[in-house]
Amino acid sequence: MSGFAAGEVPDGQDEFRPEEEASVDELTRAPKVVFSSTLEEPLTWANCTLVRGDAVEAVRGMKASGSGLLTTIGSLSLCRSLLRAGLVDRFRVVMFPVITRATGAERIYDGYPDVALEMIEHRTFDGRIQLVEYKPRVLEHPPLGAPA
């Protein structure tokens with residue numbers, strides 16, 4: 001996300017497309033919380049608050065105070081810890097029509113607890129990309145009948 005903060009254009013493009021520019025502008029205007037033990041203030045992206053403490057406790061406090069809609073972007077470890085703590089109300093999965101084994105540094109669901117997912121919404125974008133939204137429930141044990 002730091003590339004957006006610096007206004008970097010994605011590889012292979014000379015400039016942002018209009019819809020990308022609008023998305024970057026919207027993200028820049030939105031209030032953001034960055035959880036990091038290594039970054040220093042001031043942060044380069046506008047409207048950012050740096051939190052160095054326990055992310056789970058910070059998010060629990062934000063939810064208790066009624067801070068509004070909270071969304072995570074870009075951190076698998078943060079998503080895992082918030083899910084384990086029972087702080088995730090909606091779990092969105094976006095599926096792109098590409099299967100690859102060569103890209104990505106980390107498999108997304110490694111380290112997640114067992115989670116039951118109740119579908120609450122689904123959409124298809126441009127006839128290819130699927131967004132499926134679930135209400136998650138962390139399971140105490142693997143589902144009954146599942147292979148050992």
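Cluster annotation: Leu27 and Val34 are assigned to distinct hydrophobic clusters (Ile/Leu/Val/Met/Phe/Trp/Tyr, side-chain heavy-atom contacts under 4.5 Å, transitive). If you chain together hydrophobic residues whose side chains sit under 4.5 Å apart, Val138 and Tyr134 fall into the same group.
Here the closest non-hydrogen pair linking Cys48 and Leu43 is CB-CD1, 3.6 Å. Of all heavy-atom pairs spanning Val51 and Ala58, the tightest one is CG1-CB, 4.1 Å.
Between Leu70 and Met62 there is a side-chain heavy-atom pair separated by less than 4.5 Å. Using a 4.5 Å cut-off on side-chain heavy atoms (C-beta onward), Ser36 and Leu50 make contact.
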Would you be so kind as to tabulate the donor-acceptor pairs closer than 3.5 Å made by side chains of residues 112-124, with sequence neighbours excluded?
from, atom 1, to, atom 2, distance (Å)
Glu121, OE2, Arg123, NE, 3.2
Thr124, OG1, Gln130, NE2, 2.4

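Legend: residues meeting side-chain hydrogen bond (donor to acceptor under 3.5 Å, both in side chains) with Arg90, ordered by chain and number and at least two apart, are Glu133. The side-chain hydrogen bond (donor to acceptor under 3.5 Å, both in side chains) search around Arg137 returns none, not counting sequence neighbours. Annotation: side-chain hydrogen bond (donor to acceptor under 3.5 Å, both in side chains) contacts of Lys63 (sequence neighbours excluded): Asp89.
Note: Thr72 OG1 to Arg80 CZ = 11.5 Å, rounded to the nearest 0.5 Å. Rounded to the nearest 0.5 Å, atoms CG (Leu83) and CZ (Phe91) are 6.5 Å apart. The CZ atom of Phe35 sits 11.0 Å away from the OG atom of Ser77 when rounded to the nearest 0.5 Å. Between atom OG of residue Ser75 and atom CG of residue Leu82 there is a gap of 8.5 Å, rounded to the nearest 0.5 Å.
Other members of the cluster containing Val94 are Phe96, Phe125, Ile129, Leu131, with ILVMFWY side chains joined at under 4.5 Å, either directly or via other members.
Under the salt bridge (charged side-chain N to carboxylate O under 4.0 Å, His left out) criterion, the residue pairs touching residues 26-47 are Glu40-Arg52, with sequence neighbours excluded.
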